[in-house]
Amino acid sequence: MRYWLMKSEPGAYSIDDLARDKREVWDGVRNYQARNYLREMRAGDLAFFYHSNCKPPGVAGLLRISKENVVDPTQFDPESRYFDPKSSREKPRWQTVEVEFVEKFPNYISLPQLRSLFSEEELPLLKRGYRLSVLPLSDDVAKKLLALAKKEE
DNA sequence: GCCAACGTTGGC
DNA sequence: GCCAACGTTGGC
């Protein structure tokens with residue numbers, strides 16, 4: 001079982017939205033490196049839900065991969081902002097996963113807290129200009145995050 | 001195949 | 001709102 005981190009702008013889709021929907025296809029990723037990570041994900045893997053581009057950014061909750069290797073339907077929809085005219089149903093270019101809500105953390109872990117806890121080597125997300133929206137986490141980092149997110153003050 | 005222009009991400 | 005980082009596009 002592997003741990004991941006997946007980013008979303010809460011204005012577009014937040015942990016509360018996922019809590020309401022229970023399950024959702026994680027569509028709209030249009031970066032090859034992020035897609036390659038999505039292809040590596042297996043059902044049962046856990047991922048941290050990171051809120052980006054908000055005040056403050058941070059880790060808001062946990063989700064589980066409920067279905068692996070899902071073809072992103074938005075690539076075929078000319079009305080979608082994620083439409084890709086170079087993709088075809090015979091040879092789809094963009095795969096993703098379906099995720100299910102696990103929990104919203106009692107403790108939101110803000111970006112400044114993340115910086116105080118981890119180095120840029122442990123958590124590349126902290127690097128300036130780092131833009132990948134899907135990334136793997138080491139077991140070590142994941143377990144520290146879980147302990148902190150659930151710890152009672 | 002190079003690289004300038006352009007667009008997007010996302011912290012601040 | 002600014003702007004650094006960086007991926008993509010397209011002319012040559």
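Chain letters run A, B, ... following the sequence lines, proteins first and then strands; every chain starts at 1. Because only heavy atoms are used, hydrogens play no part in the values below, and waters and symmetry mates are left out as well, while side chains stay in.
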Atom [atom1] of [X] and atom [atom2] of [N]: how far apart are they, to the nearest Å?
X        : N      : atom1 : atom2 : answer
A:Arg35  : C:dT8  : CZ    : C1'   : 15 Å
A:Arg93  : C:dT8  : CZ    : C1'   : 11 Å
A:Asp84  : C:dG7  : CG    : P     : 18 Å
A:Leu126 : C:dA5  : CG    : C1'   : 16 Å
A:Tyr130 : C:dC3  : OH    : P     : 26 Å
A:Leu114 : B:dG11 : CG    : C1'   : 13 Å
A:Lys127 : B:dG11 : NZ    : C1'   : 17 Å

### Task
Could you check A:Leu137, A:Leu125, A:Leu123, A:Asp140 and say which one makes a side-chain contact (heavy atoms from CB on, under 4.5 Å) with A:Phe118?
A:Leu123
OP1 or OP2 of [N] sitting under 4.0 Å from any side-chain N/O of [X]?
X        : N      : answer
A:Arg128 : C:dA5  : yes
A:Arg131 : B:dG7  : no
A:Tyr50  : B:dG11 : yes
A:Lys55  : B:dC12 : no

### Query
Closest to the A:Glu9 side chain: B:dC12, C:dT8, B:dG10?
B:dG10
### Task
Run through A:Arg93, A:Arg89, A:Arg30 and flag the one making a salt bridge (Lys or Arg N to Asp or Glu O under 4.0 Å) with A:Asp72.
A:Arg30
### Task
Using only heavy-atom distances, determine whether the side chains of A:Asp21 and A:Tyr13 contain a donor-acceptor pair under 3.5 Å.
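A donor-acceptor contact under 3.5 Å links the two side chains.
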### Distance-only polar pair, side chains of A:Glu9 and A:Ser52, donor-acceptor under 3.5 Å
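Checked: A:Glu9/A:Ser52 side chains show no N/O donor-acceptor pair below 3.5 Å.
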### Message
Using a 4.0 Å heavy-atom cut-off, does A:Arg115 contact any base of the nucleic acid, only the sugar-phosphate backbone, or nothing at all?
### Response
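The answer is sugar-phosphate, as A:Arg115 gets under 4.0 Å only of primed atoms, P, OP1 or OP2.
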## Note on the structure
Comparing A:Leu111 with A:Arg81, nearest DNA chain B nucleotide closer to 5' gives the residue A:Arg81
### Query
Looking only at atom types and distance, does a side-chain atom of A:Ser116 sit under 3.5 Å from a main-chain N or O of A:Gln113, one as donor and one as acceptor?
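Between the backbone of A:Gln113 and the side chain of A:Ser116 there is a qualifying donor-acceptor contact (under 3.5 Å).
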